[in-house]
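These notes are about the structure you will find just below.
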Amino acid sequence: QVQLVESGGGLVQAGGSLRLSCAASGGTFSRYGIGWFRQAPGKEREFVAALSPGGYRTYYGDSVKGRFTISRDNAKNTVFLQMNPLKPEDTAVYYCAAATTGWGVGPPSRYDYWGQGTQVTVSS
């Protein structure tokens, strides 16, 4: 079983940047595809980005394409989400999730393990 812990969230002005981290433990990290999702108050959980187990295939949601970059360091059991430039509509709780199969653009139910989330707030 994999445990995931997100970090790196915070408050930033529009146009700024943040890098989120997702640290994994308790499993063979390189077997898992990793996805990032986000959820704003009153909205459904939204797909943001996903990365294959080997790091060679990536997918992005339309709202973040060209602004966010997902990457992974399997030696450190960590996945990153570089976000810039940020917009106020990017404000949400960001979650990372892991799956051996079915990873990709979602839906969230296809992922087996989830972190607790990290808050990202973008002010205008």
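Side chains included, hydrogens not; waters and symmetry mates left out as well; all remaining heavy atoms used. Just so it is clear, the structure is predicted and the values come from calculations on it, not from any experiment.
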For this session: Using the side chain to side chain contact (heavy atoms under 4.5 Å, CB included) rule, take Val93 and Thr118 through it: C-alpha gap first, then chi angles, then the decisive distance, then the call.
Result: CA-CA 5 Å; Val93 177; Thr118 185; over 6 Å; no

For this session: I would like to know whether Glu89 and Val122 meet side chain to side chain contact (heavy atoms under 4.5 Å, CB included); could you show each step before the answer?
Result: CA-CA 8 Å; Glu89 51 263 44; Val122 184; over 6 Å; no

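A pairwise comparison of heavy atoms in Gln119 and Thr121 identifies NE2-OG1, 3.3 Å as the closest pair. Nearest heavy atoms, Ala98 versus Tyr32: CB-CD2, 3.9 Å. Across every non-hydrogen atom of Phe37 and Gly106, the tightest pair is CZ-CA, 4.2 Å. Closest heavy-atom contact between Gly104 and Ala50: O-CB, 3.5 Å. Looking at every heavy atom in both residues, Ala40 comes nearest to Ala92 through N-CB, 3.8 Å.
Pairs passing the side-chain hydrogen bond (donor to acceptor under 3.5 Å, both in side chains) check and including a residue from residues 91-111, sequence neighbours excluded, read Arg38-Tyr94. Sorted by first and then second residue, the pairs that involve residues 50-62 and meet salt bridge (charged side-chain N to carboxylate O under 4.0 Å, His left out), not counting sequence neighbours, are Asp62-Lys65.
Rounding to the nearest 0.5 angstrom, the gap separating the CZ atom in Phe80 from the OG atom in Ser21 is 5.0 Å. If you take OG on Ser123 and CG on Leu86, they are separated by 10.0 Å, rounding to the nearest 0.5 Å. The line from OG1 of Thr78 to CD1 of Ile34 is 10.0 Å long, rounded to the nearest 0.5 Å.
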Quick one: side chains of residues 4-15, donor-acceptor pairs under 3.5 Å with protein atoms, not counting sequence neighbours, listed by atom name and distance.
{"unit_1": "Glu6", "atom_1": "OE1", "unit_2": "Gln116", "atom_2": "N", "d": "3.0"}
{"unit_1": "Glu6", "atom_1": "OE1", "unit_2": "Gly117", "atom_2": "N", "d": "2.9"}
{"unit_1": "Glu6", "atom_1": "OE2", "unit_2": "Cys96", "atom_2": "N", "d": "2.8"}
{"unit_1": "Glu6", "atom_1": "OE2", "unit_2": "Gly117", "atom_2": "N", "d": "3.3"}

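Shown are Phe29, Tyr113, Trp114; of these, the side chain to side chain contact (heavy atoms under 4.5 Å, CB included) with Val2 is made only by Tyr113.
Gln82 is linked by a side-chain hydrogen bond (donor to acceptor under 3.5 Å, both in side chains) to Asn84, counting only residues two or more places apart in sequence or in another chain. In this view, Asn74 and Arg72 satisfy the side-chain hydrogen bond (donor to acceptor under 3.5 Å, both in side chains) rule, not counting sequence neighbours. Looking at residues two or more places apart in sequence or on another chain, you find no salt bridge (charged side-chain N to carboxylate O under 4.0 Å, His left out) involving Arg19.
Here the side chains of Ser30 and Pro53 are not in contact, with every heavy-atom distance at 4.5 Å or above. Looking at heavy atoms from C-beta onward, Met83 lies out of side-chain contact with Val64 at the 4.5 angstrom threshold.
Of the possible polar contacts, none joining the Ser63 side chain to the Gly61 backbone as a donor-acceptor pair under 3.5 Å is found. Side-chain atoms of Tyr60 come within 3.5 Å of backbone atoms of Ile70 as a donor-acceptor pair (strictly under, hydrogens ignored). A donor-acceptor pair under 3.5 Å is absent between the side-chain atoms of Thr28 and the main chain of Arg31, judged by distance alone.
Criterion: ILVMFWY side-chain heavy atoms under 4.5 Å apart, direct or through other members. Under it, Phe68 and Phe47 are not part of a common hydrophobic cluster.
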